[in-house]
Amino acid sequence: MTILVVGIGNPWASDDGVGGEAVRCLRDRLAMTPAAGRPAARLLALRQPDASLLDALGDCERLIVVDAVRSGAPPGTRHRVAWTPGCVEERGVARTSSHGLGVHDLLELAAALGRLPAHVELWGVEISSTQPGQGLTPEVTRALPALVESLLAVMLTAGDEASPGETKPGC
Amino acid sequence: MSAMAERAQPALQPAGQPAILSPVGGSTANGVKRIKVDYMARVEGEGALDIVVEKGAIQHLELRIFEPPRFFEAFLRGRSYREAPDITARICGICPVAYQMSSVHALEKILGIAITPEIRALRRLYYCAEWIESHVLHIYLLHAPDFLGYPSAMAMAANPALRPAVEQALRMKKIGNALLAAIGGREVHPISPCVGGFYKAPSPRELLALKPELEWGLQAALDTVALVATLDYPAFEVDYEFVSLSHPDEFPMNEGRVVSSRGLNIPMEEYESHFIEEHVAHSNALHVYRQGHGSYHVGPLARVNLNVEQLSPAAQRALREHNLVFPSNNPFMSIAARALEVVHAFEEALQLIASYRPPRPPHVDAPPRAGVGCHITEAPRGMLYHRYRIDDAGLIQEARIDAPTTQNLLRMEDDLRAFVPQVIDLPIEEATWQCEQLVRNYDPCISCATHFLKLNIQRRP
């Protein structure tokens, strides 16, 4: 099963960059894995959600989007939800961005265009700061290793799974 | 800009909580009809519309802009003139080229820099890229859903009959972005343009590589005109004053005089004598009006109305073939004007690439000197005015930026005043939607428009 992992985040807005940083760590981690055991995966880091995500989908069978989350949970909390059309509310999206397409818009658009794979998951990390500047806050940094290991575990077992394992229903 | 804030709140819906209700609504009670749109969708930035009609007469109408003030003019003070194109590019993620072009031209006037014909041509090519990506986004993803009766582009794409059009739009926008990145270094907040030219000019090979896609794009743009020509345009005409640049030899982008449909014809340097910027209480964006005349209309419809004969040959043919009539006083025709400009931009881009000679050196330098300079270029949404005062060391002492949406805001309110009586007897949801559509005719970029708020604190002992 080909997996596409897309980390989204602005690396110059502190914790907002957690998605891209997760992909960078995952890439390093995969490089340490013997070639024979490496999963069939493509990794992509985007500084902002844009239509290149649609082009990157290709024929992937599973999409994992890693992004910063603010839900009120303690910083560093990891979220994981299965995405289905309509499952993420539009709050803040429709009114803050029309010139760009948000994650929500991109996934809805990809679904409408029939480009989404059967399995789509949103992985999030609760953040505490989007202040200008590089670097994650300590709470978010501490969440990264476990996040990367979970991603790797999912990638290594993906071929064996009929559906995403521990995923909570998102809606 | 807003992308970061938006993604910092991806708003995963916690299980068990209801989805937030649509903020759009209206009500009818005791003969009073209220159209209330708390958050305008499919416009950039944060704005709201509030209209109260009582006994058939409008009692209250406000297009409120509560996008926070941006303070860019203040940020510029004390910075080197060389930073102006980089700082002002951040005002907008969709039209950074416009901000860069207005700033570099204004500063070149102060420094006495004359750019070479090669730099001039490359700047036009650069502007073509921005018109393509900005206009295509608005036509297909923001505006067409209004005409075709869909709440969003996503809903439109779900219709198999319209899916190819959305796929086409995504590819067209991608071509615009690729051209913008080839010249500017990257597609969002590009980095190559500088006062005097470009830090680095693309090689002919880099630009020629885009030719096949641009050729496809020209055909797609012609198909877009064919599509918009079939739309049902609400019958609504306004006796506008249209204002745009005009140039004797070309469709206006970076150069020209300021002309209007009511006979104004002035050099750019006289802009501030004719166009007055003022603050109104209900808006974080300033309003601009023409001295002694009132609101006016800038943007693609103004440009095409005032310069229709300068459109490229393919755009001219498309216009005739589909019986599109310009000048037009119907603001809903802005989508057709945008489509014609996309044809023009693709066709001119192909010509410019065919005759491209890299500017050598890529930019013209001059030592700093004190002075004041202003310039207007045609942003996708209309005239963008910049004025700078710099000192002997080249540090910016004062900056003024009039974004096109700032100039159109008063016009949008005036349009709504004229339009509301026409729709107020419709079911309130339908009336609300049509009012929103009227505002979207202007492709308003509220983030660009909210840039200054004068704060006056008096301290008394």
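Computed over heavy atoms, backbone and side chain alike; hydrogens, waters and symmetry mates excluded. Since we're looking at a predicted model, the values are computed, not measured. We name chains A, B, ... by the order of the sequence lines, and we start the count at 1 in each one.
- Counting only heavy atoms from C-beta outward, the side chains of B:Val166 and A:Leu109 approach each other to under 4.5 Å.
- There is no contact between A:Asp15 and chain B, counting heavy-atom distances below 4.5 Å.
- Annotation: B:Arg79, atom CZ; neighbour count of heavy atoms from other residues, nucleotides and ligands within 6.0 Å does not exceed 12.
- Contact of the B:Asn177 side chain with the A:Asp50 side chain is not registered, since no non-hydrogen atoms from C-beta on lie closer than 4.5 Å.
- Remark: A:Leu113 CG to B:Leu170 CG distance equals 6.5 Å, nearest 0.5 Å.
- Contact check for B:Val188 versus A:Arg47: no side-chain heavy atoms found under the 4.5 Å cut-off.
- In this structure, the separation between CE on B:Met154 and NE2 on A:His104 is 8.0 Å, given to the nearest 0.5 Å.
- The heavy-atom pair separating B:Ala158 from A:Ala112 by the smallest distance is N-CB, 3.7 Å.
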